[in-house]
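Take a look at the structure set out below.
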2 protein chains.
Amino acid sequence: MESRCENCIVRQFNALRAMNKEELKQVSDSKTYKTIKKGEALFEEGEKLDGIYCVRNGVSKLSKLSANGKDQIVKLATKGEVIGQRSVIAEEHTNLRATAVNDMEVCFIPKETITNTMHKNPNFTLEVLRHMAHDLKEADDVIVNMSQKTVKQRVAEAFLYLKNNFGETEDAFLSLTLSREDIANVVGTATESCIRIISEFKKKGYLKTSGKKIGIIDEKGLQNLVNGF
Amino acid sequence: MESRCENCIVRQFNALRAMNKEELKQVSDSKTYKTIKKGEALFEEGEKLDGIYCVRNGVSKLSKLSANGKDQIVKLATKGEVIGQRSVIAEEHTNLRATAVNDMEVCFIPKETITNTMHKNPNFTLEVLRHMAHDLKEADDVIVNMSQKTVKQRVAEAFLYLKNNFGETEDAFLSLTLSREDIANVVGTATESCIRIISEFKKKGYLKTSGKKIGIIDEKGLQNLVNGF
DNA sequence: TTTAAAACATGATATATGTCAGTTTTTGTT
DNA sequence: AACAAAAACTGACATATATCATGTTTTAAA
């Protein structure tokens with residue numbers, strides 16, 4: 001279960017790989033290990049964070065709830081990704097809440113450890129910056145998609161995204177199973193609309209389902225749809 | 001016209017304020033001054049940038065053109081803001097194009113100058129990081145608004161945004177005059193829809209217009225609309 | 001000042017998507 | 001295995017918004 005950050009594989013995927021041995025030791029000594037059950041929150045919108053979360057296992061959704069009950073998912077964070085760094089860096093309250101989509105294991109690293117390293121090690125800061133630049137690009141792309149693509153295209157794109165980022169099982173179902181509601185909240189549409197489109201995709205031979213599990217049959221077909229045939 | 005960065009007021013608004021005298025001198029010596037006419041592009045989508053642009057005057061829109069001709073505006077950058085840093089930091093081609101909304105004066109700073117400083121001065125890197133964290137938050141907010149608010153609410157919000165970020169003239173018109181098409185492209189809607197809503201807001205006494213100039217009469221009213229009455 | 005082009009404006013209509021209401025299936029728990 | 005609760009699904013309908021078509025005003029250039 002618990003282990004030293006120096007030996008943690010997960011670290012390879014995030015900015016912590018730019019840390020030197022001494023800095024990693026400091027992280028290792030100050031971190032705490034946590035498990036979060038499916039459905040539980042890592043933090044709520046508006047909270048002040050005392051540190052960041054490094055995901056060792058499981059998936060978290062970052063979302064914002066509106067007055068009318070809609071919960072827009074802005075990002076899905078998985079193994080190796082870091083959650084909460086935006087808030088810690090800007091020294092602001094969180095603008096999103098983080099919820100476990102399935103059971104999670106995370107390491108909590110106190111913000112002092114992070115900020116100390118950022119003031120001393122420019123390579124680390126630069127690495128964090130690169131990751132944030134990537135996140136910003138993705139966010140820009142989402143904005144553009146929301147205004148230029150139809151719901152159907154965005155749903156199709158969401159499945160391709162899930163396949164590319166989370167992979168599929170041996171029996172060709174998506175490894176990450178989201179509820180229809182969560183898919184709708186990623187896409188930014190109503191749950192019923194999302195369900196209807198999934199049914200249509202099934203009829204057209206793009207997808208297969210088994211309970212709430214979904215598998216991609218015709219990736220090319222979905223891709224064509226995204227690109228407007 | 002031309003001047004030393006050390007004395008440039010604009011610098012106070014961006015990450016360059018975290019540079020020391022020596023670093024600023026380097027920027028000053030390597031920068032080039034450019035003017036861009038209204039409608040001209042600073043760079044096109046997909047270009048590789050050799051440096052960043054620091055806006056001294058005027059406003060630039062960062063947008064992405066879709067196949068069907070829609071041009072979604074993701075950000076408006078004005079005096080003091082830096083354009084192109086995301087692309088330079090991530091060492092990627094630009095994902096957006098930058099166009100002058102009105103006549104602009106900018107300083108072009110070669111990327112070597114920036115990356116040199118980033119490797120040496122953690123405070124500068126951290127300051128860049130803070131700005132990017134802020135941009136990311138704004139982008140997240142836009143995503144959420146796009147999915148949770150109606151076009152009418154988003155148009156109302158756009159006018160409040162324009163007032164807060166660009167101010168108004170003595171006769172209470174917005175200082176930044178955008179075409180109806182540009183407003184529509186900020187909001188992510190059709191130009192006709194945008195025009196219709198402006199007409200409606202005029203009738204309801206929220207706005208006044210004079211040619212393409214627009215002024216806010218009832219800020220509270222617009223704000224209520226944004227919040228769903 | 002005249003004129004052409006661009007931008008603004010409005011009506012009519014089509015359509016994608018949301019909402020409401022109800023049924024069936026799946027899931028997880030005792 | 002039985003059950004309740006949650007999630008998935010489907011139909012009917014409402015509506016916000018896009019699209020097309022056309023006229024008017026504004027802008028900028030000759």
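Predicted model, so just to flag it, every value in this text is computed and none were measured. Throughout, a chain's letter reflects where its sequence line sits, starting with A, and its residues are numbered from 1.
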Exercise for review: On DNA chain C, check which nucleotide each of A:Arg154 and B:Glu181 is closest to and give me the residue with the more 5' one.
Suggested key: B:Glu181
**Study point:** Upstream residue (5' side of DNA chain C) when A:Gly211 and A:Lys70 are each assigned their closest nucleotide
**Key:** A:Lys70
What is the distance, to the nearest angstrom, from the [atom1] atom on [X] to the [atom2] atom on [N]?
X        : N      : atom1 : atom2 : answer
B:Leu225 : D:dA16 : CG    : C1'   : 14 Å
A:Lys202 : D:dA8  : NZ    : C1'   : 10 Å
A:Lys152 : C:dT17 : NZ    : C1'   : 11 Å
A:Gln72  : C:dG18 : CD    : P     : 11 Å
A:Glu192 : D:dA7  : CD    : P     : 14 Å
A:Ile214 : D:dC9  : CD1   : P     : 8 Å
A:Gln148 : D:dT17 : CD    : P     : 18 Å
B:Lys149 : D:dT17 : NZ    : C1'   : 18 Å

What contact category does [X] fall into here, base, sugar-phosphate, or nothing, at under 4.0 angstrom with non-hydrogen atoms?
X        : answer
A:Ser199 : sugar-phosphate
A:Ser179 : sugar-phosphate
B:Thr189 : sugar-phosphate

If you check the [X] side chain, which of [options] turns out closest?
X        : options                : result
B:Ser193 : D:dA18, D:dA8, C:dT10  : D:dA18
A:Ile195 : C:dC8, D:dA8, D:dC20   : D:dA8
B:Lys212 : D:dT19, C:dA9, C:dA7   : C:dA7
A:Val151 : C:dT17, D:dT10, C:dT10 : C:dT17

Practice item. Map B:Thr150 and B:Lys38 onto DNA chain D by nearest heavy atom, then report which one ends up closer to the 5' terminus. Key: B:Thr150
Does [X] reach the side chain of [Y], with side-chain heavy atoms less than 4.5 Å apart?
X        : Y        : answer
B:Ile143 : A:Met146 : yes
B:Asp135 : B:His131 : no
A:Glu200 : A:Tyr206 : no

**Study point:** Salt bridge A:Glu47-A:Arg97, side-chain N to carboxylate O under 4.0 Å
**Key:**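 So A:Glu47 does not pair with A:Arg97 through a salt bridge.
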Exercise for review: Look only at the side chain of A:Ser28 and the backbone of A:Cys5, and say whether a donor-acceptor pair between them is shorter than 3.5 Å.
Suggested key: yes
Check your understanding: Counting only N and O atoms by type, is there a donor-acceptor contact under 3.5 Å from the side chain of B:Arg154 to the main-chain atoms of B:Val187?
Key ->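 Checking the backbone N and O of B:Val187 against the side chain of B:Arg154, a donor-acceptor pair under 3.5 Å is found.
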Review point. Shortest non-hydrogen contact from A:Lys149 to A:Val226?
Key: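 Result for this residue pair: CE-O, 3.4 Å.
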Study note, to complete from the structure: Correct closest heavy-atom pair for B:Thr209 and B:Ile214 would be CG2-CG1, 4.0 Å
Atom pairs under 3.5 Å: protein N/O with N/O of nucleotides 12-14 of chain D:
residue	atom	partner	partner atom	Å
D:dA12	N6	A:Arg196	NH2	3.3

